[in-house]
Amino acid sequence: MNAPKSDFLKVLTERGFIHQTSDFEGIDAAAIEGRLTTYVGYDCTGPSLHVGHLLSIMMLHWLQETGAGKPIALMGGGTTRVGDPSGKDESRKLLTPEQIEDNKTSLKGVFARLITFGDGPRDAIMVDNAEWLTKLNYIEFLRDVGRHFSVNRMLSFDSVKLRLEREHELSFLEFNYMILQAYDFVELHKRYGCILQMGGSDQWGNIVNGIDLGRRSGTSQLYAVTCPLLTTASGAKMGKTASGAVWLNADMLSAYDYWQFWRNTEDADVIRFLKLFTLLGMDEIHKLAALEGAGVNEAKKVLATEATALLHGREAAEVAAETARQTFEQGALSESLPTVEIPASSLDAGLGVLTAFGPEYAKLLPSTGEARRQVKSGGLRVNDQIVTDERGVLRTANLTPEGVIKLSFGKKRHVLLRAV
RNA sequence: GGGGGAAUGUCCCGAGCGGCAAAGGGGGCGGACUGUAAAUCCGCUGGCUACGCCUUCGUAGGUUCGAGUCCUACUUCCCCCA
């Protein structure tokens, strides 16, 4: 591939967003003319998106930022009713239309942080494929769309092949997912002149299906861009913290925890992530790249703060950074650590340590059994004192002058219990 | 249509003569070492009102003092014959 001429592809290329493209020159030309109306689809399977989705949202951001075209965030209100079989062994249990609707509402907020919505020609729009998918007539659909798909070929796609090879059930319902996604692409072209679909590298097959369907239905040339699948340098799938997925919604994962997630990046990933997940200029990133040894920690802090600021706002990011500084660098007690309120009466009565760490209170551990094991391996601390007695009890006397009890699990996770 | 196999700890892979909370990996978590990193080493890896109790081996029954293990039926998948 030749050097890109458009700002859009320049940025995407130098920041490492591109895994595969269907026609680099063609996309480049359309971007220069500013007519690269582009969509990315998001399923509504959960109440929040997670870091894995962030990559494609960033691509939409750059699309808009460089004036390459109009971003379309497609909510899969319709396709979610079918379920994408990609990469999963089991069928997901079907969500009710109500759940999907709730999820959709919950997902929306994140996009506005990174792309500008509105009515102008370059403003982003959000559409829901339920709008057209739920109105389809089966026989008509089969005749117009179904005839363009070869089952022989569909069977060869990874999403399908994986299930078949592993002897797992693949329902006819899920089998149709890729057809619907292809149809979406063509429909978005008809409605909004959309000519590019972006997505994760696992979506390549599905996107190309859409391009093929477009050609056969007489649309103009459609394009595909995929981004790499996110993994850490040591090969692990990215997007999990110790406490679970890295959600983008603030009510699912606090700004502090989000900041911590980025702070704990492996050395080898810092620069790559700065390019992908922050808006810092390349020259600035190159400066950070020069840091070595323990100095890399400075780059990690920048990464954490910038990434958090994008999603949760600058102020929340600064607070998270400061909380971390006090907690980790000074070993002091920061009152802005995640806090759980407990009735003062339960301290008067005495609260079992194991219970305090468990799912009812601090939620640092999933069960008291797990808490018990952690006591044995010295992983729990109360006010920085290692817990040695699993039958220990927290009382009012354990409250610090600030009126809290600091519970720590491992070296990195801390929760304050505040008596009220 | 006939014959032969398979399903195990709800993260995955995988052993399991009738006494089994069930071998071993991987992954995950904790500890040590570090820099809130990686690599390495050690420990842990069903639940609970906890020297005891409860729930787990595809589903439902049965035999037995006792079943993951034996029998019957069912479900799903694989292989061979037609």
Side-chain angles (χ1 to χ4, degrees), chain A residues 87-93 160-172 231-246 256-274 288-289 291-305 307-308 320-332 334 337-338 346 349-360 362-381 384 386-393 407-414:
Chain A
K88 286 178 279 289
D89 283 349
E90 312 273 336
S91 323
R92 220 191 274 271
K93 58 175 186 292
V160 173
K161 216 165 57 180
L162 184 83
R163 285 281 185 87
L164 296 180
E165 277 170 3
R166 304 186 89 176
E167 302 174 18
H168 286 294
E169 161 91 3
L170 174 72
S171 69
F172 182 66
T231 54
T232 67
S234 44
K237 266 185 218 139
M238 204 180 132
K240 285 204 301 183
T241 59
S243 42
V246 182
Y256 172 79
D257 286 326
Y258 191 71
W259 194 95
Q260 282 298 319
F261 167 73
W262 292 109
R263 176 62 243 267
N264 283 301
T265 298
E266 294 175 24
D267 284 14
D269 289 323
V270 183
I271 300 307
R272 188 160 59 103
F273 289 175
L274 278 166
L288 292 169
L291 296 169
E292 286 176 13
V296 176
N297 283 328
E298 290 311 311
K300 290 184 190 177
K301 288 179 206 166
V302 173
L303 169 65
T305 302
T308 306
E322 177 57 19
T323 304
R325 198 184 64 78
Q326 289 174 10
T327 307
F328 288 94
E329 293 178 23
Q330 301 188 332
S334 170
L337 281 171
S346 62
L351 179 63
V353 229
L354 300 182
T355 312
F357 276 92
E360 276 181 77
K363 299 181 179 61
L364 283 166
L365 297 164
S367 69
T368 56
E370 178 63 21
R372 189 178 309 274
R373 278 176 224 120
Q374 289 303 339
V375 168
K376 288 195 185 109
S377 47
L380 300 185
R381 276 166 296 153
D384 298 319
I386 292 183
V387 177
T388 50
D389 180 7
E390 60 186 43
R391 280 171 304 184
V393 172
L407 302 183
S408 310
F409 169 41
K411 291 199 191 70
K412 297 181 186 174
R413 271 163 289 161
H414 312 278

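Side chains are part of it too, since the values below use all heavy atoms of this structure and drop only hydrogens, waters and symmetry mates. So that the names make sense, note that chain A is the first sequence line, chain B the second, and so on, each numbered from 1.
Proximity of A:Leu288 to A:Leu303: side-chain heavy atoms (C-beta onward) are nowhere separated by under 4.5 Å. You'll find the side chain of A:Leu354 stays beyond 4.5 Å of the side chain of A:Arg391, heavy atoms only. Counting heavy atoms from C-beta outward, A:Phe357 and A:Arg381 have side chains that stay 4.5 Å or more apart.
Using N1 to N3 plus N6-O4 or O6-N4 for Watson-Crick, or N1-O2 and O6-N3 for G-U wobble, each under 3.5 Å, B:rA22 pairs with nothing. A 3.5 Å limit on both hydrogen-bonding distances identifies B:rA7 as the Watson-Crick or G-U partner of B:rU75. Pairing of B:rG27, defined by two Watson-Crick or G-U wobble distances under 3.5 Å, is identified with B:rU45. Across the strands present, B:rU55 finds no partner; the criterion is a Watson-Crick or G-U wobble pair with both atom distances under 3.5 angstrom. Taking a pair to require two hydrogen-bonding distances under 3.5 Å in either a Watson-Crick or a G-U wobble arrangement, B:rG1 pairs with B:rC81. Applying the Watson-Crick and G-U wobble criteria (two distances, each under 3.5 Å), B:rC33 pairs with nothing in any strand. B:rU69: no Watson-Crick or G-U partner with both key distances under 3.5 Å is found in any strand. Under the Watson-Crick and G-U wobble criteria, each requiring two contacts below 3.5 Å, nucleotide B:rU63 is left unpaired.
Of the inter-residue distances, the one linking A:Arg325 atom CZ with A:Gln330 atom CD reads 4.5 Å to the nearest 0.5 angstrom. Atom NZ of A:Lys412 is separated from atom CZ of A:Arg263 by 8.5 Å, given to the nearest 0.5 angstrom. Distance check, rounded to the nearest 0.5 Å: CG of A:Leu407 to CG of A:Leu337 gives 11.0 Å.
Annotation: B:rC20 and B:rC11 have their P atoms spaced 25 Å apart (nearest Å). Nucleotides B:rC13 and B:rG4, compared at atom P, are 27 Å apart to the nearest Å. Straight-line distance between the P atoms of B:rG2 and B:rC74: roughly 12 Å, to the nearest whole Å. Across the P atoms, B:rG25 and B:rA15 are found 15 Å apart, a figure rounded to whole Å. If you take atom P in B:rG52 and the same atom in B:rC29, they sit 33 Å apart, rounded to whole Å. Taking the C1' atoms as reference points, B:rU63 lies 8 Å from B:rC70, given to the whole Å. B:rG61 and B:rC12 have their P atoms separated by 26 Å, given to the nearest Å. Spacing of P atoms, B:rC48 relative to B:rA67, comes out at 26 Å, to the nearest Å.
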Item checked: Under 4.0 Å protein heavy-atom contact, by nucleotide of nucleotides 45-51 of chain B - B base, S sugar-phosphate only -> S-SSSB-
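A donor-acceptor contact shorter than 3.5 Å is absent between the side chain of A:Thr327 and the backbone of A:Ala324. Put simply, the side chain of A:Lys300 gets close to the backbone of A:Thr265: a donor and an acceptor are under 3.5 Å apart.
A donor-acceptor contact under 3.5 Å is formed by the side chain of A:Gln260 with the base of B:rU36.
Counting any heavy atom pair closer than 4.0 Å across all strands shown, A:Lys376 reaches no nucleic acid atom. Residue contacts for A:Gly295: at a heavy-atom cut-off of 4.0 Å it reaches no nucleic acid atom on any strand shown.
Distance CG (A:Leu303) to P (B:rA37): 15 Å, rounded to an integer number of Å. In this structure, CD of A:Glu329 is placed 11 Å from C1' of B:rG35, rounded to the nearest angstrom.
The two residues A:Ala307 and A:Tyr258 come nearest to each other via the heavy atoms O-CE2, 3.7 Å.
Along RNA chain B, the nucleotide nearest A:Gln374 and the nucleotide nearest A:Glu292 are compared for position; the residue whose nucleotide lies closer to the 5' end is A:Gln374. Map A:Leu380 and A:Val296 each onto its nearest nucleotide of RNA chain B; the residue landing nearer the 5' end is A:Leu380.
Nearest nucleotide to the side chain of A:Glu266, out of B:rA38, B:rG35, B:rU36: B:rA38.
OP1 or OP2 of B:rG35 has not a single side-chain nitrogen or oxygen of A:Lys301 nearer than 4.0 Å. Listed pair A:Lys411 / B:rU34 fails the phosphate criterion, with no side-chain N or O lying under 4.0 Å from OP1 or OP2.
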